[in-house]
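Structure first, commentary second.
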Protein chains: 2
Amino acid sequence: MPAHRTARERARAELTAEIKDEARRQLADSGANGLSLRAVARELGMVSSALYRYFPSRDELLTALIVDAYNALGDTLDTASASASASGGSPADRWRAAAHALRSWARTHPHEYALLYGTPVPGYRAPDDTIVPAGRVPGAFLWIARDAWHAGDLPVNGAEPDDTLRTQARTIATALDLSGLPEVVILRAVDAWTQLFGTVALEFTGQFANTLDPADAYFARAVELQLRTAGLA
Amino acid sequence: MPAHRTARERARAELTAEIKDEARRQLADSGANGLSLRAVARELGMVSSALYRYFPSRDELLTALIVDAYNALGDTLDTASASASASGGSPADRWRAAAHALRSWARTHPHEYALLYGTPVPGYRAPDDTIVPAGRVPGAFLWIARDAWHAGDLPVNGAEPDDTLRTQARTIATALDLSGLPEVVILRAVDAWTQLFGTVALEFTGQFANTLDPADAYFARAVELQLRTAGLA
DNA sequence: CGAAAGTGAGAGCAGTGCTCTCGATTGCGA
DNA sequence: TCGCAATCGAGAGCACTGCTCTCACTTTCG
């Protein structure tokens, strides 16, 4: 990012960032439904119509926030995974660290988590700019399996998938840079990711209320099951 | 439901039902965000303020729809499970039937599914009237495990849970009428339910797009994994 | 029969997303 | 350096929302 040339461009970039910051702030304490363009503008001391020079619609603003949130979550997971690795942890330890980081992020950023994995608000749309950052989240976990495989720590077993699943596994492999991994290994890692996601999603939507309520113990147990599913333990 | 006494009571019950029907219709093609009290009233030929005689707020209307949706989903799962059982299916077959029924319901009722398992919109609320019907959904699956256990089809193995998990498992047991089941069996069934939910949720929120896109094959595979997790296969 | 409760209509408040017009400012090419 | 064009903020306005309050009318029940 080079120094912005004209004063206008600099001002525009700054204001765009300020708008996103204020929007993130409102998102954090009112949720996506409560995010109001007018309120953002008000808080920034400008009039609402001026905001449309920067974001053509409320949905575009939300999309920008979604991309940022995916990246923030991706960074969090990468950091957790990397630091577990740096301190001599096994692939299983990395998975544990990343899994707990995911749960923790969801709990500390509920509205952003909801933005990513909650209701796809309007009529089913998946803006193209979101799919790459979105992939970083499962990626953080699949990459652990990849590294374990390359280190020879991962057994190849389990039923051979059929053709459909094989080609879909290959699609995942190319999208997430998992070349060389056998399809079975990929699919088992996906299975484990699915389990992890399910646990977090159930807790998040309150389905554990009154039963598994402080879900710490169950989550820890679920992570161990994920490790067995993925072949990491 | 006895014949309603006064004409007023009858009219009230009918109108309440009509409001919910119209609201459900709007929900089905606009989503929860698009549900407008005024539009419902307009469609019913009444004025918006009159609607508040029947539902004190938009949220109350939504809560009523949520309860109905939980029950509709619960009925669907029960039916699938029961008919698999009636045609001589094993517990595993019942789980398969119910699991596919769950996915199918989610796909055919996306907005209602989103209402149940999507963003908990405002600031974390779980109206008490929803928690019993909500329990029917995991219940439909845990009851399959319970029946299999009583039929002696379910092995008891796996690591013994610690105290926290034991008592939480017992809470689930009393809430869902699973008396007699060992905690390990309950927890393994919960694990399987978590996996199932995760698979549906990931597909639903579009996380499989461009990778596991027609998710039929992967879902079938995931169900088999659930059966092994629960000990049903 | 008459009071009390229930009901619908209408106006109104405060808020929303978004559009359009109108000056003012800025930037770039001639 | 000057002038035109692009960009920008402000303001008014449209069509909508949830919700409240008042007022008249009807039903119910003591």
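Reminder, nothing fancy here: chain letters follow the sequence lines and each chain counts from 1. Side-chain atoms are counted along with the backbone in the values below, which use heavy atoms only and exclude waters and symmetry mates. Predicted model, so just to flag it, every value in this text is computed and none were measured.
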[X] side-chain proximity, nearest of [options]:
| X | options | value |
| --- | --- | --- |
| A:Leu15 | D:dA10, C:dT7, D:dG9 | D:dG9 |
| A:Ala7 | C:dG27, C:dT7, C:dC20 | C:dG27 |
| B:Arg53 | C:dG8, D:dT17, C:dG17 | C:dG8 |
| B:Arg12 | C:dT7, D:dC8, C:dA9 | C:dT7 |
| B:Val47 | D:dG11, C:dT21, C:dA9 | C:dA9 |
| B:Thr6 | D:dT17, C:dT7, D:dT28 | D:dT28 |
| A:Arg38 | C:dA11, D:dG9, C:dC18 | C:dC18 |
| B:Ser57 | C:dG10, D:dC19, D:dC8 | D:dC19 |

Separation of [X] atom [atom1] from [N] atom [atom2], in whole Å?
| X | N | atom1 | atom2 | result |
| --- | --- | --- | --- | --- |
| B:Leu61 | D:dG18 | CG | C1' | 12 Å |
| A:Glu9 | D:dA6 | CD | C1' | 12 Å |
| A:Asp59 | C:dT16 | CG | P | 17 Å |
| B:Phe55 | C:dG6 | CZ | C1' | 17 Å |
| B:Leu35 | D:dC19 | CG | P | 11 Å |
| A:Asn33 | C:dG17 | CG | C1' | 14 Å |
| B:Arg42 | D:dC16 | CZ | C1' | 8 Å |
| A:Tyr52 | D:dG11 | OH | C1' | 15 Å |

inquiry  = Cation-pi check for A:Tyr54 against A:Arg12: NZ or CZ below 6.0 Å from the six-membered ring centre and within 45 degrees of the axis, yes or no?
reply    =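 Yes, A:Arg12 sits over the ring of A:Tyr54.
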request  = Please tell me which of A:Ser48 and B:Tyr54 maps to the more 5' nucleotide of DNA chain C, matching each residue to the nucleotide holding its nearest heavy atom.
outcome  =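 Taking each residue's closest nucleotide, the earlier one in sequence belongs to B:Tyr54.
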Please check if any side-chain donor atom of [X] sits under 3.5 Å from a side-chain acceptor atom of [Y], or the reverse.
| X | Y | answer |
| --- | --- | --- |
| B:Tyr218 | A:Thr164 | no |
| B:Tyr70 | B:Asp129 | no |
| A:Thr229 | A:Gln195 | yes |

request  = Check whether any side-chain N or O of A:Ser49 sits under 4.0 Å from OP1 or OP2 of D:dA10, and answer yes or no.
outcome  =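 Indeed not, no polar side-chain atom of A:Ser49 lies that close.
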key: Which residue lies more 5' along DNA chain D, comparing A:Arg8 with A:Met46 via nearest heavy atoms   =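 It is A:Arg8 whose nearest nucleotide is closer to the 5' end.
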key: Centroid-centroid distance, A:Trp105 to A:Tyr113, less than 6.0 Å   =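 They do not qualify: ring centres at least 6.0 Å apart.
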